[in-house]
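Please read these numbers as outputs of a predicted model, since none were measured by experiment. Atoms within a ligand are numbered from 1 in the order they appear, just like the ligands themselves. The chain is numbered in sequence order, starting from 1.
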Amino acid sequence: MQNKAQEFDSIAEEVFAPLYPVVAEQILQITGKESGTCLDIGCGGGHLGLEIARMVDMRLVLADISADAVELARKRVGGWGFSCIAEAVVAGVHSLPFADGSFDLIVSRSSVWFWDDHLGAFGELMRVLAPGGIIFIGSGFGKQRVKQAVIEKMRERSPEWPKKVKKKTGAEHTPQTIADTFNQLGGLTEIFQNDCGGWVICRK
Ligand SMILES: C[S@@+](CC[C@H](N)C(=O)[O-])C[C@H]1O[C@@H](n2cnc3c(N)ncnc32)[C@H](O)[C@@H]1O
């Protein structure tokens, strides 16, 4: 029997896989980051952070509140041959075990919807972000063709999935509410939203 993290990881591997390199490329294009240290918070199996590390010369920290997810991410770091530049740690976003200003880029895909207390969580992200650093947070599929392929495959696995995602991502927290919270913390935000996803970009 698979645990929750293993279940999500097999979906990431079998269905979501094509979206990670597309989203990673978008993040790098928009932020212009290509060196320093990147944190992927709520990393699950680590796919997004690892795609970023594959594309640019950055150190990578993968972090997730679930020890099961971190075990998978750690195995993937080794499996992809990235042990010399990447590590995976168990950490919840509300209390991050990192020094102030540790990261030049913080990414987070499809995790923010699970966090309580956005003000506290985003305050922690702003604390560990270096001056001049950028947070890229939200959810998305990258491009239309990838989105359609993912939705079709997910419908076969679980017909209710598109509705569930819409409910989770569209209700209480939207890119606008996320941006408003970062603004309260002194961040400079922009929203990047289209029919393939919604992201908030926050600069310090
Ligand atoms: C839907 S998965 C997304 C995983 C990965 N970012 C991806 O796109 O493949 C959400 C992840 O957020 C993690 N998560 C939920 N609450 C968290 C918190 N408070 N701090 C850190 N991670 C959290 C979960 O354990 C889970 O691995």
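Heavy-atom distances between Phe16 and ligand 1 stay at or above 4.0 Å for every pair. Note on ligand 1: Asp64 sits in its first shell, one or more heavy atoms being nearer than 4.0 Å. Contact between Ala121 and ligand 1 is absent, with no heavy atom of the residue lying under 4.0 Å from the ligand.
For atom 21 (C) of ligand 1, the nearest protein heavy atom (residue, atom name, distance) is Ile65 N, 3.5 Å. With hydrogens left out, the protein atom closest to atom 16 (N) of ligand 1 is Trp115 CD1, 3.6 Å, a heavy atom. The single protein non-hydrogen atom nearest to atom 8 (O) of ligand 1 is Arg109 NH1, 2.7 Å, given as residue, atom name and distance.
With a 6.0 Å cutoff to the six-membered ring centre and a 45° limit on the axis angle, Arg109 counts as a cation-pi contact of Phe16.
Ligand 1 has no nitrogen or oxygen under 3.5 angstrom from a nitrogen or oxygen of Ala12.
Using a cut-off of 4.0 Å between Lys/Arg side-chain N and Asp/Glu carboxylate O, Lys143 and Glu25 are scored as not salt-bridged. We find that Glu7 and Lys4 are not joined by a salt bridge, their nearest charged nitrogen and carboxylate oxygen being 4.0 Å or further apart. Using a 4.0 Å cut-off between charged side-chain N and carboxylate O, Lys153 and Glu156 make no salt bridge.
Minimum interatomic distance between Met1 and Gln6 (heavy atoms only, all atoms of both residues): O-OE1, 4.2 Å.
Checking each of Phe136, Phe141, Phe192 against Trp199 for a ring-ring contact (aromatic ring centres under 6.0 Å, His included) leaves exactly one that passes, namely Phe136.
Proximity annotation for atom 4 (C) of ligand 1: of Ser110, Gly42, Ser111, Gly42 comes nearest, heavy atoms only.
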